[in-house]
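Note sheet for the following structure.
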Amino acid sequence: NVRQSPENGQEEAWLSERDALKTILELKVLSLVSNVESSIENMDVKHDDRSKVLRQLNHVKKLVLATVTAMETPPI
């Protein structure tokens with residue numbers, strides 16, 4: 001019968017929270033960014049304005065993907 005130390009329980013909770021956050025970023029935030037991106041592409045606005053916003057959204061997407069990638073790396 002193996003007892004868990006408080007540190008193990010805290011680590012498991014942290015890993016669970018990290019997995020949940022990773023899932024939210026992947027499934028919700030990236031999906032939202034993609035939907036906004038599609039909406040902007042279909043808007044009747046000046047090309048320069050649309051390009052600027054799409055570049056900014058692309059930066060957001062890259063940040064989210066980098067965060068997800070970092071979260072896939074096991075903790076030290």
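- One distance of note links CG of L21 with CZ of R18; it measures 10.0 Å at 0.5 Å rounding.
- Residues M43 and V33 share a hydrophobic cluster, clusters being chains of Ile/Leu/Val/Met/Phe/Trp/Tyr side chains in contact below 4.5 Å.
- A single hydrophobic cluster is not seen to contain both L63 and I24; linkage of ILVMFWY side chains at heavy-atom distances under 4.5 Å, directly or through other members, places them apart.
- Going from atom CD of E72 over to atom CG of D19 covers 10.0 Å, rounded to the nearest 0.5 Å.
- No option in E11, E17, E12 other than E11 meets the side-chain contact (heavy atoms from CB on, under 4.5 Å) test with L15.
- A distance of 9.5 Å separates OG in S38 from CG in L54, rounded to the nearest 0.5 Å.
- With a 4.5 Å cut-off on side-chain heavy atoms, L25 and M71 count as touching.
- Between V36 and L32 there is a side-chain heavy-atom pair separated by less than 4.5 Å.
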